[in-house]
Amino acid sequence: MIIYFSTVVRSAPLHLGGELVKLDWDRKEILGRTQIVPNDPMIHDLNPRGGTRGGRGILVKNGEVYTASYHTLHVFDRTLQPLRPISNRLFAGLHELCWDGDAIWATATSTGGALRVSQDGETLRTWWAREDPVLVKHFDLSPHPFPKDRDNRLIDLAEADKDRSHVHLNAITMLDGRPLALLNRLGCLVKLYPTEIVVHDPSLRGCHNILVTSDRQLVINDTVNRAVAIYDAEGSLVQRIELKRYRLVRKILLRWGLRTARLWLGKHCPSHRIEQLLVRNISASRPVFVRGLAETDRGTLLVGISPATILEIEKHTQELVDSYSYSNNVNVCVHGLTCA
């Protein structure tokens, strides 16, 4: 089984801020990797948590691999040789992607928009969460004041995050020909055309990824609570997979919990200054940050966590079937994830 995943590297220089990786899952062999850099236009980002760094959502079709950076879709062949970039003046803070026929839906998190574009980057349709009458009424949202007729690719997501009405729209997929959009800040899953709130659970705030499985279940990464939530197609919760049930995850939390404690000592106890140097920038990273989600051809789930690790889980029994660790550095985080 071949999978592709992208990474974000916290606190790294922009040109080393993340990769697209091709992996033979069964052999655990890296078949290719390439840096993902949003360099046209160039970005100057001082946000240590990630901001504009690295690769985001991934799509595969017709022998080509698409991955998003902050403002561009980068297209590669199956050996990860670059083919072409795709850009659009409304691409700002791109996160997850999905196919809608031959068109692509992309989430522009900085502006709270979902954009349906052609494979040449032409805008075919837009949806703005903060202007949708159903969401405006339900959540008391106000429109984003950015000018849609200009180049918005350098809008700062960190600034957008401070807005009371920011919804952090970060994932989209299709169900029965209709888009499903995930609003991270609200813990809300919305079906479009017409707008219907499928799931609204404040405990899901901070969530990532939405997957429609082969048996029509809706899977969401409950990032903050380190779990995977599974709903039926109508939005009723049917199962939760707590990732801390797995020994591997508990070991990661213990290891990085101890390092965080050492960082605190480094800040408050002069005799521990060396520890502060050893774990510099750890405050920008979160161990077992749950992001990246895919279904395999055998019906298991692939779930990404940090440090960049992928778990294969049998969702019915919740058994941890397999795992792969790409990095032991908590600053290296999985973002996009898909099976070829």
Side-chain angles (χ1 to χ4, degrees), residues 2-8 18-22 31-43 52 54-129 148-155 169-182 192-193 209-212 292-295 335-340:
I2 302 300
I3 73 168
Y4 295 89
F5 65 93
S6 60
T7 63
V8 168
E19 299 175 294
L20 172 63
V21 182
K22 181 179 182 180
L31 303 178
R33 54 188 172 190
T34 185
Q35 290 287 335
I36 302 297
V37 183
N39 57 10
D40 184 17
M42 182 57 72
I43 298 171
T52 61
R56 284 93 190 287
I58 304 171
L59 298 174
V60 179
K61 194 170 191 175
N62 297 331
E64 295 182 334
V65 184
Y66 301 67
T67 191
S69 66
Y70 186 83
H71 56 42
T72 302
L73 300 181
H74 304 261
V75 187
F76 302 88
D77 66 18
R78 291 294 182 106
T79 67
L80 301 191
Q81 294 301 306
L83 297 177
R84 63 188 182 280
I86 302 172
S87 196
N88 182 296
R89 60 184 170 81
L90 295 173
F91 282 177
L94 295 182
H95 276 59
E96 298 301 322
L97 315 168
C98 78
W99 289 112
D100 182 3
D102 290 328
I104 296 169
W105 278 103
T107 52
T109 303
S110 298
T111 56
L115 313 171
R116 188 175 186 265
V117 300
S118 71
Q119 293 184 44
D120 295 322
E122 176 189 2
T123 302
L124 303 176
R125 193 169 195 175
T126 60
W127 177 74
W128 306 101
K148 298 183 180 67
D149 59 342
R150 300 181 189 173
D151 189 334
N152 291 278
R153 291 177 294 172
L154 296 182
I155 285 180
L169 167 58
N170 66 5
I172 193 163
T173 192
M174 301 293 292
L175 176 64
D176 300 331
R178 296 172 61 184
L180 286 172
L182 188 65
L192 306 184
Y193 310 125
N209 307 102
I210 171 65
L211 170 70
V212 178
L293 185 64
E295 183 182 30
H335 198 303
L337 179 58
T338 194
C339 295

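- Listed here is the closest heavy atom pair of A103 and L124: CB-CD1, 3.8 Å.
- For the atom pair I2 CD1 and K22 NZ, the distance stands at 6.0 Å (nearest 0.5 Å).
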### Task
Any chance you could lay out the side-chain contact (heavy atoms from CB on, under 4.5 Å) test for L59 and T338, step after step, and finish with the verdict?
CA-CA 7 Å; L59 298 174; T338 194; over 6 Å; no
### Message
With side-chain contact (heavy atoms from CB on, under 4.5 Å) as the criterion, how do I43 and L154 come out once you've worked through the C-alpha distance, each side chain's angles and the decisive distance to 0.1 Å?
### Response
CA-CA 7 Å; I43 298 171; L154 296 182; 3.6 Å; yes
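- Considering all non-hydrogen atoms of both residues, L73 and A68 come closest at CD2-CB, 3.8 Å.
- The minimum heavy-atom distance linking C339 with I3 is given by the pair SG-CG2, 4.0 Å.
- The distance from atom OH of Y70 to atom CZ of R56, rounded to the nearest 0.5 Å, is 7.5 Å.
- The minimum heavy-atom distance between C98 and T173, with the atom names listed, is SG-CA, 3.6 Å.
- A heavy-atom distance below 4.5 Å is not found between the side chains of D40 and P85.
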### Query
Where do V212 and M174 land on the side-chain contact (heavy atoms from CB on, under 4.5 Å) test, with the steps shown first?
CA-CA 8 Å; V212 178; M174 301 293 292; over 6 Å; no
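- Between A108 and L115, the closest heavy-atom pair is CB-CD1, 4.1 Å.
- Between G336 and E96, the shortest heavy-atom contact is CA-OE2, 4.5 Å.
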### Task
Show your working on side-chain contact (heavy atoms from CB on, under 4.5 Å) between V65 and R78 and close with a plain yes or no.
CA-CA 6 Å; V65 184; R78 291 294 182 106; 4.1 Å; yes
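- The main-chain N or O of L211 is never found under 3.5 Å from a side-chain atom of E295 such that the two would form a donor-acceptor pair.
- Between the side chain of R153 and the main chain of F91, no donor-acceptor pair closer than 3.5 Å is present.
- Taking CD1 of I172 as the reference point, atom CD1 of I104 lies at 12.0 Å (rounded to 0.5 Å).
- Remark: the backbone N or O of L90 is not paired with any side-chain donor or acceptor of N152 at under 3.5 angstrom.
- Side-chain atoms of T7 come within 3.5 Å of backbone atoms of E19 as a donor-acceptor pair (strictly under, hydrogens ignored).
- A donor-acceptor pair shorter than 3.5 Å can be found between the side chains of D77 and T79.
- Between the side chains of N88 and T123, a donor-acceptor pair is found at a separation under 3.5 Å.
- Atom CG in L97 sits 11.0 Å away from atom OH in Y66 (nearest 0.5 Å).
- Note that the NE2 atom of H74 and the CG atom of L83 stand 13.0 Å from one another [nearest 0.5 Å].
- Taken from OG1 in T67 to OH in Y4, the straight-line distance is 11.5 Å, to the nearest 0.5 Å.
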